[in-house]
Q: 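Take this structure first; my questions come after.
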Amino acid sequence: MAGEGGVYRLRCSLVGHGQDVRGLTSGLFPQGGFVSVSRDRTARLWAPDGLNRGFTEMHCMSGHSNFVSCVCIIPPSDLYPRGLIATGGNDHNICIFTVDNPAPLYVLKGHKNTVCSLSSGKFGTLLSGSWDTTAKVWLNDRCMMTLQGHTAAIWAVKILPEQGLMLTGSADKTIKLWKAGRCERTFTGHEDCVRGLAILSEMEFLSCANDASVRRWQISGECLQVYYGHTNYIYSISVFPQCKDFVTTGEDRSLRIWKQGECAQTIRLPAQSVWCCCVLDNGDIVVGASDGIIRVFTESLERTASAEEIQAFENELSQASIDPKTGDLGDINADDLPGREHLKDPGTRDGQTRLIKDNGKVEAYQWSVSEGRWIKIGDVVGSSGATQQTSGKVLFEGKEYDYVFTIDVNESGPSYKLPYNITDDPWLTAYNFLQKNDLNPMFLDQVAKFIMDNTKGQTLVNTTAQFSDPFTGAGRYVPGSSSGSNTVPAADPFTGAGRYVPGSTSNAVASVGKADLSTGMGAYQSAAAKTENIYFPKKEAVTFDQANPTQILGKLKELNGSASEEQKLTEDDLIILEKILFAICNTSAEAPTAQQLQTLWKAVNWPEDIVFPALDILRLSIRHPTVNENFCSEKDRVQFIILLLKFLNPKGKQANQLLALRALCNCFVSQAGQKFMMQQRDEIMTQAIELKSGSNKNVHIALATLTLNYAVCLHKVNNIEGKAQCLSVISTVMEVVQDLEAIFRLLVALGTLISDDTNAVQLAKSLGVDSQIKKYASVSEPTKTTCVEDALP
């Protein structure tokens, strides 16, 4: 074990993964084995091979659709006596495997972003941490509770031995202690993102962070000790069995072994990022790195690799290239370095590094106490001491920039350095600069203008002047503008140019207005100088009303010819649908009859590949009180919701997705529809949010509008659970949707939800929504985002 004072040497190198190894955990079965996960989307179970001191891959587990980020073992139960394997991935899912099957036993869904940390506890509980700023507690296949409070990604989670106590470490630089789902204590001290946690006892734990430090804490909140040794981010920390010694890995290409509070041994690896580590029951250390190779190190002479294998490892290490800009080796000036004779003097401690210059090359060596010699750990590339005169770049914090400006915010305060490349967005650079230095956002315009003025006017490409109304898709009203408009033929993405476009008119209205990066092409031009909130709380539902009945009927008749005989509409049916459509579009006082509604129901049950014109008629008809009452009533609502949810399948046709979402939005126009939508809220929102990953901006706008209409209803009632779900949807969708019109509607939904509700404001902050909206503040007409920011003080 670590306490025996032995020296760790290579045991074996395992090739199997195709990309970075991102997570490791020691296994319960087979004994002495472990599990690894990788960016290659797989998990692999390794068993010790007694014949050659190595490990054999038992099987490769697949189930994620994206990178696999983390892994842990769920302890044995009566049902699974060998335990289970849990893996978390960038697909937002957690896959649960048995130890003898490469396919998942089941998949846990619920996180809205990458699952990057897992920890198991007693009685089958599982704790997961995610980039969505939340941690979730699972029991078997159900989420029992969600831990909310961090303001940034949760990179590390651990369940403590005492029942009910849990730890989360976050990119917000804090660690939180949770008891029964409530935050009991927040630990502050790290100066950067917390990346790893390890449990020492019921009363103590360790944390590591991007600030290159390890901290030892008491559960009571006191930081007992800070350990320094790494020169870059520390990604992983693992404790030796039965003692307080531990190991760490990081971005400085090293594995470090800590004994009695001191770094006792440093092992360099031929890979820049050493992502993860775990300690086996026999004290051997397993590490995974960015080169996709798993390496195992041991104290045991019996398990140590052969001399040939160790020499091959040293050769690979010596041929590695070290980038001096990482700062891992300190400041390097090649002209001042000694020659090879410098290696004749012994080192003073294990892991000490020494640089020499040999034949014009800079080489890095590390002192090994156990070997009594200097071991080459790589060639330092790009270490010629480049300056702006020789490279054309300015060096700042080890990185090269086109410009490094000195910014004086006020006369009495300090100066700040602002690095900038001409390919950067000046607004985003200005925003990040203000955030990094904790400066007032009011300086955003001033700093961005300073950058553009001093970089010869480097700006973003201007957007087209064409725009549409954020709520109806029509030309947006601009106060003071003429009522004239230009018409542009619309193209149908499904059937060809100039043809019927579901849910739109045959002509798109275009106009000229000031570009607004927050809401889409056209900006509202306010005549008032004072910023005024005219956007929320929104009081009425937003509907999709535009239509061209002639084109809709033409497409319906065309597709009717390809319907099966049993589903084909008769001439009388087509006449009935025509009557419904023209009555609805002309706001006729004549109410649709039961026979007409029966015909409409027949049409919307067409096959998915031809149903979209019938869905468009439904989308328009549902606005009529009689139709709304009929489809949303207690009697027929089950069939109606089943029908619409069927079209929200992410793998379905985009036209159907779009029109089903628009129909749901239009349901809110009447009391019956509002009641129906609120009763079915959980089911509808859970299904609808899956459409966020698509690429169709019209679908995204409809999804945002659906969220906005729910916000309008929730604003009228005190339903914090409903608001929590709606806020979660807004946060999730804003992470992935890029269409600015959809984002605008989400911002209005957010403002509506939190208006006059302090609990909703706090809930929004705990979800990190306030930080999400800040990136939309750098706009030429910022009132839309400013209003929401003001509501989140």
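Source: prediction; values computed, not measured. Sequential numbering from 1 along the given sequence is applied to the chain's residues.
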Q: Sequence neighbours left out, cut at 3.5 Å: what donor-acceptor pairs do the side chains of residues 27-35 make with other protein atoms?
A:
none

Q: Applying the side chain to side chain contact (heavy atoms under 4.5 Å, CB included) test to Leu126, which of Asn140, Leu108, Val137 qualifies?
A: Leu108
Q: Checking Ser119 now: which residues fulfil side chain to side chain contact (heavy atoms under 4.5 Å, CB included) with it, not counting sequence neighbours?
A: Val157, Lys158, Ile159
Q: Just by modelled atom types, is the Lys692 backbone N or O under 3.5 Å from a matching donor or acceptor in the His700 side chain?
A: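 Yes, His700 side chain to Lys692 backbone: donor-acceptor pair under 3.5 Å.
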Q: Trp131: which residues meet the ring pair (Phe, Tyr, Trp, His ring centres under 6.0 Å) condition with it, sequence neighbours left out?
A: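 Scan of Trp131 (ring pair (Phe, Tyr, Trp, His ring centres under 6.0 Å), adjacent residues dropped) gives Trp155.
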Q: With side chain to side chain donor-acceptor pair (under 3.5 Å) as the rule and sequence neighbours excluded, what pairs involving residues 196-207 come up?
A: His190-Ser207, Glu204-Arg216, Glu204-Lys244, Ser207-Trp217
Q: Quick one: does Asn90's side chain have a donor or acceptor within less than 3.5 Å of a partner on Asn66's backbone?
A: no
Q: Considering all heavy atoms of both residues, which atom of Arg215 and which atom of Cys223 are nearest to each other, and what is their separation?
A: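 The answer is NH1-SG, 3.4 Å.
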Q: Any donor and acceptor pair, going by atom type alone, linking the side chain of Asp252 with main-chain N or O of Thr231 inside 3.5 Å?
A: yes
Q: What pairs meet the ring pair (Phe, Tyr, Trp, His ring centres under 6.0 Å) rule with one or both residues in residues 71-92, with sequence neighbours excluded?
A: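 Counting only pairs at least two positions apart or across chains, no ring pair (Phe, Tyr, Trp, His ring centres under 6.0 Å) contact touches residues 71-92.
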Q: Considering residues at least two apart in sequence or located in another chain, which fulfil the side chain to side chain contact (heavy atoms under 4.5 Å, CB included) criterion with Arg303?
A: Arg11, Asn282, Asp284, Thr298, Ser300
Q: For Arg22, check salt bridge (Lys or Arg N to Asp or Glu O under 4.0 Å) against everything at least two apart and list the hits.
A: none
Q: Could you tell me which residues satisfy side chain to side chain contact (heavy atoms under 4.5 Å, CB included) with Glu683, sequence neighbours excluded, listed by chain and number?
A: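 Result, side chain to side chain contact (heavy atoms under 4.5 Å, CB included) vs Glu683: Leu645, Gln680.
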Q: Would you say Arg53's side chain and Thr304's backbone share a donor-acceptor pair under 3.5 angstrom?
A: yes
Q: So, the side chain of Ser117 versus the backbone of Gly129: is there a donor-acceptor pair under 3.5 Å, distance only?
A: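 Absent.
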Q: Work out which heavy atom in Gly6 is nearest to a heavy atom in Lys259; give both atom names and the distance.
A: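 Smallest heavy-atom distance, with atoms named: O-NZ, 3.0 Å.
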Q: Could you list the residues that satisfy side chain to side chain contact (heavy atoms under 4.5 Å, CB included) with Val107, not counting sequence neighbours?
A: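 Val107 satisfies side chain to side chain contact (heavy atoms under 4.5 Å, CB included) with Asn93, Cys95, Pro104, Lys109 once adjacent residues are dropped.
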Q: Quick one: salt bridge (Lys or Arg N to Asp or Glu O under 4.0 Å) partners of Glu184, sequence neighbours excluded?
A: none
Q: So, using ring pair (Phe, Tyr, Trp, His ring centres under 6.0 Å) as the criterion, who are the partners of Tyr235 when residues are at least two apart?
A: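 Partners of Tyr235 by the ring pair (Phe, Tyr, Trp, His ring centres under 6.0 Å) criterion, ordered by chain and then number, come out as Trp275.
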Q: Sub-3.5 Å donor-acceptor pair from the side chain of Asp172 to the main-chain atoms of Thr151, do we have one?
A: yes
Q: Just by distance, do the side chain of Arg82 and the backbone of Val99 share a donor-acceptor pair under 3.5 Å?
A: no
Q: Just by modelled atom types, is the Pro650 backbone N or O under 3.5 Å from a matching donor or acceptor in the Gln657 side chain?
A: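 Yes.
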Q: Do the non-hydrogen side-chain atoms of Ile199 and Leu167 ever get within less than 4.5 Å of each other?
A: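 Side chain of Ile199 against side chain of Leu167, heavy atoms only: contact under 4.5 Å found.
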Q: Distance-only, no hydrogens or angles: does the Ser38 side chain make a donor-acceptor pair with backbone N or O of Gln19 under 3.5 Å?
A: yes
Q: Salt-bridged, Asp291 to Arg295, with N to O below 4.0 Å?
A: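 Salt bridge flag = yes for Arg295 with Asp291.
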Q: Test of understanding: with side chain to side chain donor-acceptor pair (under 3.5 Å), list the residues that count as partners of Ser273, not counting sequence neighbours.
A: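 For Ser273 the side chain to side chain donor-acceptor pair (under 3.5 Å) partners, ignoring immediate neighbours, are Glu251.
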Q: Donor-acceptor pair, Ser170 side chain versus Ala153 backbone, under 3.5 Å?
A: yes
Q: Is it true that atom CD of Gln242 has more than 12 heavy atoms of other residues, nucleotides or ligands lying nearer than 6.0 Å?
A: no
